[in-house]
Each structure stands twice: as structure tokens, then as C-alpha cells.
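As C-alpha cells, the structure follows; a few thoughts come after it.
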There are 2 protein chains.
Amino acid sequence: MTETPAKDSIRPRRGRRDSRPSGDDRERAILATAERLLGGRALDEISIDDLARGAGISRPTFYFYFASKEAVLLSLIDRVVAEADAGSEGRLEELPADPTAHWRSTIDAFFATFRAHRAVTLAAARAHGTNREVQELWARVMENWIRRATAAITAERTRGAAPEGPPARDLAIALTSMNERVLLATFAADQPSLAEPEAVNTLLHIWLNAIYHPPTPPH
Amino acid sequence: MTETPAKDSIRPRRGRRDSRPSGDDRERAILATAERLLGGRALDEISIDDLARGAGISRPTFYFYFASKEAVLLSLIDRVVAEADAGSEGRLEELPADPTAHWRSTIDAFFATFRAHRAVTLAAARAHGTNREVQELWARVMENWIRRATAAITAERTRGAAPEGPPARDLAIALTSMNERVLLATFAADQPSLAEPEAVNTLLHIWLNAIYHPPTPPH
DNA sequence: GAGCTGGTCAACACAGTGTCGAGACGTTTG
DNA sequence: CAAACGTCTCGACACTGTGTTGACCAGCTC
């Protein structure tokens with residue numbers, strides 16, 4: 001086991017085993033089937049046979065394209081992340097003329113990114129506890145948001161618009177974690193959760209107060 | 001299937017099938033084994049055979065005591081919740097003389113509750129996505145914290161110490177969600193996470209500012 | 001037309017779950 | 001005290017899902 005082909009392994013592609021040509025359709029069919037089925041049930045309630053049949057192939061053939069169900073989910077997440085990154089290219093980012101608008105658009109973007117692929121997002125969240133690779137990929141995505149928020153907070157502080165307070169990164173981590181959890185609960189329509197419009201407003205209130213008010217205690 | 005015995009079903013005990021006497025030790029042995037093993041790996045990496053052997057019984061005998069692995073986890077969570085409720089009986093709660101101290105102690109209590117059974121907490125979080133019963137139980141626990149926070153915020157507002165702003169419950173949900181996510185990341189030592197001392201301080205800052213500052217936007 | 005490469009699948013080995021039926025052991029009760 | 005009953009135990013089975021092996025076909029290349 002654990003053979004090391006070492007040949008043609010320029011890039012460790014998540015999906016197909018090695019070469020390039022067609023049969024690509026099959027791969028896409030598997031991904032499409034997975035995303036479709038994830039709309040209805042969790043990944044562990046979907047068998048590899050379901051995925052294979054959905055793509056019109058047999059179970060062993062599935063393994064020609066993906067090493068496991070989890071690898072399929074990883075591919076799906078990759079695509080979402082890539083789409084999101086592409087979409088956020090054109091973000092303003094450098095316009096703190098109206099800070100409130102800036103932060104609102106950041107939070108909106110966070111929701112928009114994951115709303116476009118709600119099923120994949122929820123599946124990723126579920127797999128987060130189980131699967132190390134999903135964990136790492138998700139961590140990279142969050143790290144991205146955290147870094148942007150940290151930079152923005154720091155910028156506001158050096159500009160004099162925001163007071164000093166807890167380390168910018170600590171603040172960014174806590175606030176982004178909040179966004180993540182609230183978003184997940186909202187998408188899953190969990191018991192104690194906020195519907196989307198209120199969610200964004202409430203989160204925005206918390207972000208603004210956390211960033212723009214000094215840590216002065218109440219009377 | 002789904003027979004309804006209706007006899008002796010006064011209380012739907014989570015654990016043993018029906019009667020009362022000893023053999024209790026076995027049940028406790030299973031629970032102890034489960035908590036021990038959860039310290040090292042996730043629930044789906046633990047087989048029923050592991051649980052049974054750990055408790056010194058055979059696999060079929062396990063089913064005499066619990067309907068599934070998940071039922072064991074549920075029992076474990078029940079115990080943590082019961083302990084936590086018992087422990088929070090003596091909480092001050094009615095002393096807003098020093099609001100900062102009040103909120104700090106609330107956040108500390110949140111961490112302390114789950115730190116005592118870190119492994120069970122993490123297992124519960126992992127199972128949250130998969131298992132409906134865990135979901136409901138966890139929701140009840142969170143609802144509890146949310147209700148207390150909502151009441152406290154409302155009290156501070158009517159007392160005039162806190163300004164109006166987003167609905168108290170919305171605020172409580174978002175802030176409690178933040179605590180939950182940050183706590184889980186901290187316990188799991190996830191990638192972007194806060195170590196405990198900073199975590200509590202940062203969370204406290206966010207709570208205080210969210211509650212005691214009006215939603216006035218920055219300049 | 002021999003040989004390579006991409007693609008396919010029947011059949012197998014295996015791990016884990018849940019159930020059934022046969023008991024052992026202790027306690028009422030006739 | 002023996003028969004009947006409830007608790008408790010487990011060997012053996014059926015089933016579901018995963019991952020692998022080995023044979024095979026089609027097309028392309030020299």
C-alpha cells in the first residue's frame with residue numbers, strides 16, 4: 001500500500017489519478033451528482049454506489065476518478081473557494097470613506113459566497129469535525145477572511161478612526177468565528193438561529209461596536 | 001417496525017431497555033469507556049466492539065444497554081448538561097453592581113462548563129451535524145445560555161445602563177454563537193483559534209461593546 | 001498486428017452494524 | 001422444591017458499505 005508512482009506527479013490533482021484527456025465528463029458527472037444529492041442528505045448517508053449510479057458508472061469505476069467520497073467533497077469545496085476568490089477580485093477594499101458601508105459589504109460578501117453553494121457549505125461544515133483535509137481547507141478559507149479583517153482593523157486604527165483595544169487579529173478571529181457560526185446556523189435553519197436580514201444587521205452592529213469603541217467599561 | 005410497547009414506558013430512559021436492578025455497573029463501564037476512548041479519537045472511529053470490550057462484555061450484550069453508539073454519546077452529554085445545570089445553581093445572576101464582572105463570570109462559566117468534559121463536548125460538536133438528537137439536545141443547552149443572556153441584556157436596558165439597539169434576543173444569539181464557535185476552536189486547538197486567556201478577554205470586549213454602546217456609526 | 005494506455009466492471013475480501021435464538025443464573029410463587 | 005419468569009449473556013447469522021484485484025475492451029501508435 002501507499003505506493004509512490006513519482007511519475008507525472010507534477011501537481012497532486014484532487015480528482016483523477018493521473019493523465020489529462022477526456023472522460024472528464026464522468027468526473028464532472030460525479031461532482032454534479034454529489035452536489036445534487038448533498039441537497040437532500042448528509043455525505044455519510046450517500047453511498048459511493050449512489051454517486052456512481054448517479055453518474056452512470058459502476059462502483060469500481062468511481063474509484064478510477066476519486067479516492068473516496070471525501071475526495072469528491074474536497075473537489076466541490078475547491079470549486080466554491082475558487083469561485084469565491086474570483087468573485088472577490090473586484091471588491092472595493094480600499095475605500096474606507098464610509099466604514100459602515102465597507103463592513104456591511106464585507107459581511108454581505110461572506111454570506112453571498114457561501115449562499116451560492118449552500119449544500120456544499122453545510123456538507124463541509126459537517127465534515128469539518130471528521131476529516132482532516134476538510135479541516136485544513138476550511139481553515140485556509142477562514143484564515144483568508146481573518147487576514148483581511150485584521151488588515152482592515154489595523155488600517156482603521158493607524159488612520160485614527162478606530163481606538164486601540166484587543167489585538168486586531170484576536171478581534172478578527174472572534175468576529176469571523178461569530179460570522180461563521182451564525183451563517184451555518186442560518187443556512188441549516190437550526191433551532192436558535194437568525195433569519196438572514198436580521199443576521200447581517202446584528203452582526204454588523206457587533207462588528208462596528210467591537211472595532212470602533214474603546215474598551216471602556218459601562219457605568 | 002416501530003412497535004409501541006406502551007408498557008412500563010413511564011420515562012423513555014436513554015440507556016437501559018427497561019427494568020431497574022443492578023447491571024448498572026455495566027452501563028457505567030460503557031459510559032466510562034466511551035468517554036475515555038473519545039479522548040483519543042472521534043466517535044465514528046470507535047466501533048461498538050471497542051466499547052463492548054472496554055466494558056468487558058460482548059458486542060450483542062452492548063445492545064442490551066444501549067441502542068447505538070450515538071445513544072451512548074447522548075447519555076454522556078446528558079450527564080454533562082446535568083452537572084452544568086447543578087453547578088450553575090449557585091450563580092450570582094442578580095448582582096449587576098459590577099456589570100463587567102457579571103459578564104466576565106458568565107463567559108468564564110461557559111468555558112468552565114465544557115472544559116470539564118472537553119472530549120464529550122468535542123464529540124457532541126462533531127455529531128451535531130450528523131445526529132438529529134444531538135442537534136436537539138445541543139440546541140436546548142444553547143437556548144438556555146441565550147435565554148439568560150437575553151434576560152440580562154433586557155434588564156440592563158430597562159435599568160437604563162444599556163442603550164436600545166438590535167433586539168436583545170438577536171444580540172444574545174449572535175454573541176452566544178460566537179462563544180460557542182470560539183470555545184470549540186480553542187478546545188480543538190484548530191488552526192485559526194485563540195488560546196484561552198485571550199479568548200475570554202476578547203469575547204468579553206465584544207460582549208460589552210455590543211451591549212453597552214449605542215449603534216452609532218463611526219466617523 | 002503487437003503493444004500501450006485510458007477506461008470499465010464482475011467478483012472478492014473485509015469491517016462494522018444490528019438481530020435472533022439459545023441458553024445461564026437468580027427470584028418469586030404454587 | 002420445581003416450574004415459571006425476568007434479567008442478562010453471547011455465538012452465529014444476515015446485511016450494508018468499502019476498497020481492491022484481475023480480466024477485459026477500445027482506440028491509438030509504431
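Chain letters run A, B, ... following the sequence lines, proteins first and then strands; every chain starts at 1. What you see below is based on every heavy atom in this structure, not just the backbone, and it leaves out hydrogens, waters and symmetry mates.
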Donor-acceptor contacts, no H, no angles, side chain residues 49-59 of chain B, under 3.5 Å, sequence neighbours left out:
from	atom 1	to	atom 2	distance (Å)
B:D49	OD2	B:R53	NE	2.7
B:D50	OD2	B:R41	NH1	3.3
B:D50	OD2	B:S47	N	3.0
B:D50	OD2	B:S47	OG	3.4
B:S58	OG	B:T61	OG1	3.2

In a table with atom names and distances, give each donor-acceptor pair under 3.5 Å that connects a side chain of residues 193-202 of chain B to protein atoms at least two apart or in another chain.
from	atom 1	to	atom 2	distance (Å)
B:S193	OG	B:D190	O	3.0
B:E196	OE1	B:R115	NH1	3.1
B:E196	OE2	B:R115	NH1	2.3
B:N201	OD1	B:R104	NH2	2.2
B:T202	OG1	B:E198	O	2.8

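Each of D:dT18, C:dT17, C:dG7 was ranked by its minimum atom distance to the side chain of A:K69; first place goes to D:dT18.
In this structure, the CZ atom of A:F64 is 18 Å from the P atom of D:dC25, given to the nearest Å. One interatomic measurement links the two molecules: CD of A:E27 to P of C:dG6, which rounds to 14 Å at whole-angstrom precision. Per the geometry, OH belonging to B:Y63 stands 4 Å off P belonging to C:dG18, to the nearest Å. If you take CD of B:E45 and P of C:dG16, they are 11 Å apart, rounded to a whole angstrom. B:R53 places its CZ atom 12 Å from the C1' atom of D:dC10, with the value rounded to the nearest Å. Rounded to a whole Å, the CG atom of B:D44 is 16 Å from the P atom of D:dG17. Rounding to whole angstrom units, CG of residue B:D49 and P of C:dA15 are separated by 12 Å. In this structure, A:I30 atom CD1 and C:dG7 atom P are separated by 12 Å, rounded to whole Å.
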- Determine, stepwise, if the pair A:T106 / A:W145 fulfils side chain to side chain contact (heavy atoms under 4.5 Å, CB included). CA-CA 9 Å; A:T106 300; A:W145 287 96; 4.2 Å; yes

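Counting only residues at least two apart or on different chains, no salt bridge (charged side-chain N to carboxylate O under 4.0 Å, His left out) pair has a member in residues 120-131 of chain B.
The side chain to side chain donor-acceptor pair (under 3.5 Å) search around B:E35 returns B:H117, not counting sequence neighbours. Applying the side-chain contact (heavy atoms from CB on, under 4.5 Å) test to B:A149 and every residue at least two apart in sequence or in another chain returns B:A172, B:W207.
A heavy atom lying under 4.0 Å from DNA chain D marks the following residues of residues 54-62 of chain B, by number: B:I57, B:S58, B:P60, B:T61.
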